[in-house]
Amino acid sequence: MSKRSRRKMEHIKYSLLLEKKLKRNVFSDITLLHNCLSEVNLDEIDISTNLQNLRLEKPIIINAITGGFSFALAINRELAKIAREFGLAMAVGSQRIAIKDKSAQASFKVVREENPEGLIFANIGADASLEEVAEVVEMINADAVQIHLNTPQEIVMAEGRKCFAGTVDNIKRIAAGVKVPVIVKEVGFGIAREEARMLVDCGVKIIDVGGAGGTDFIAIENRRNRKNAVTTLEGWGIPTPVSLIEVISEIGDRADIIASGGLKTGLDVAKSLALGAKAAGLAGTVLYKLLKGGPVALRKYLRQVERELRYSMAMVGANNLSELRKRPLIITGKTYKWLKFRGIQ
Ligand code: FNR
């Protein structure tokens, strides 16, 4: 196994170990206001959404996880089958490995083979050249490409990148030069309003806030490199609901926002959509269900997520996602204090 593949395997292993320990729910400060006069017909609720001109049957995305080696191929095959069955968009993990090593391409291409008509997102880091972005899109005939931001992970990872100058200009180049929609995403540390504005000014039209509260790549890298672990930095980042509110309050409808980072339940998805997200991404939980309980458990979990979303919408009286977005929300605790401190209404 190559060093890169071993690293990816270790990310899977440690994310599973850490997922089990995760106790906090960053969405617990958010409450959807009950509507005692809901006039919704449960079976008629419309949960379709859009990201720019991409239409999503459901607002749930299986977010970027893996690729590049044989176990990753098996994971991607299962995820793609389930994405097709449930009508969910799905992102692959970083395809950087398949640019350098052509034999790694099969583990990504399998996603398109299993789901020829579905919405599939390519994935690569923000240091990629325009040619590399075009190559990863073409590799899987992707409908959009995710450009990931993961500075904390790279810094803490022994073999990670340490120089980040030029990132903003590169994102601008990518946003202007790629044929498919570009989604800039964090991987679990969140996006603040200042940087959201910069991204929009770069021409980015879809942002996945990838906030803190779920998968924590500092904690993962600490376990891969115990000798140089920086445990005090675990938990770093902007919690997902805070990041969502920061970004949406700053950029309004100049871009479509995806909520991800620590989402577990259909209620978390409903809260995210009520806060203004156009869709919600799940990574760690999906991987956890698949590897611990197999495809049967993952299917059961995704059915439950969808059920909770639909029930929540019915209980607030929302027939569709634009009505859900207009419903009042209660924000308390640390989330409320954070927003007040930052002067966000
Ligand atoms: C990830 N994530 C990720 N993101 C990305 O853009 N490219 C990648 O290659 C990976 N790889 C990866 C591996 C593993 C094992 C996990 C669990 C996650 C990050 C992922 O897409 C997401 O942004 C974060 O995990 C936060 O969401 P959750 O896990 O809290 O739902």
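Atoms within each ligand, like the ligands themselves, are counted from 1 in listed order.
For atom 24 (C) of ligand 1, the closest non-hydrogen atom on the protein side is Val187 O, 3.3 Å. When hydrogens are left out, the protein atom nearest atom 13 (C) of ligand 1 is Ile65 O, 2.9 Å; that is the closest non-hydrogen contact. Atom 30 (O) of ligand 1 has its closest protein heavy atom at Gly262 N, 2.8 Å. Given atom 16 (C) of ligand 1, the protein heavy atom at minimum distance is Phe217 CZ, 3.9 Å. Nearest protein heavy-atom contact of atom 23 (O) of ligand 1 is Lys185 NZ, 3.1 Å.
Ligand-side atoms of ligand 1 in range of Glu186: 23 (O), range being under 4.0 angstrom from any heavy atom. Close contacts of ligand 1 with Ser94, meaning ligand atoms under 4.0 Å from a residue heavy atom, involve 7 (N), 8 (C), 9 (O). Those atoms of ligand 1 with a heavy atom of Gly214 less than 4.0 angstrom away are 30 (O). For ligand 1, the atoms closer than 4.0 angstrom to any heavy atom of Gly93 are 9 (O). Each of the atoms 15 (C), 17 (C) of ligand 1 lies under 4.0 Å from some heavy atom of Ser15. Close contacts between ligand 1 and Gly261 involve ligand atoms 26 (C), 27 (O), 30 (O) [criterion: under 4.0 Å to a heavy atom].
Looking only at distances, no side-chain donor or acceptor of Ser312 sits under 3.5 Å from a matching main-chain atom of Ala270. Counting only distance, with no hydrogens or angles, the side chain of Asp256 and the backbone of Gln52 share a donor-acceptor pair below 3.5 Å.
Contact annotation for Thr215 and ligand 1: heavy atoms of both the backbone and the side chain come within less than 4.0 Å of the ligand. The backbone and the side chain of Ala283 each have at least one atom closer than 4.0 Å to an atom of ligand 1 (non-hydrogen atoms only).
On a distance-only criterion, Gly284 and ligand 1 share at least one N/O pair closer than 3.5 Å. By the 3.5 Å distance cut-off applied to N or O atoms, Ala64 is counted among the residues near ligand 1.
Look at Thr285 and you'll find every heavy atom at least 4.0 Å from all atoms of ligand 1. Between Gly210 and ligand 1 there is no heavy-atom distance shorter than 4.0 Å.
Checking Ile61, Asn123, Leu291 against atom 7 (N) of ligand 1, the nearest heavy atom belongs to Asn123.
Within the 4.5 Å cutoff, side-chain heavy atoms of Asn63 are placed close to those of Lys185.
The existence of a salt bridge linking Lys326 and Glu323 is excluded, since no basic side-chain nitrogen approaches an acidic carboxylate oxygen closer than 4.0 Å. Using a cutoff of 4.0 Å between basic side-chain nitrogens and carboxylate oxygens, Glu159 and Lys3 are not scored as salt-bridged. For the pair Arg77 and Glu113, the salt-bridge criterion is not met [side-chain N within less than 4.0 Å of a carboxylate O]. Look at Asp201 and Arg254 and you find a salt bridge, because one of the NZ, NE, NH1 or NH2 atoms lies within 4.0 Å of a carboxylate O, short of that distance. The pair Glu135-Lys102 meets the salt-bridge criterion, with a side-chain N (NZ, NE, NH1 or NH2) lying under 4.0 Å from an Asp/Glu carboxylate O.
Crowding of Glu85 atom CD: a count of heavy atoms from other residues, nucleotides or ligands under 6.0 Å exceeding 12. Enclosure of atom CG in Asp253 is not indicated, since only 12 or fewer non-hydrogen atoms of other residues, nucleotides or ligands lie within 6.0 angstrom.
There is a side-chain donor-acceptor pair under 3.5 Å between Lys278 and Asn50.
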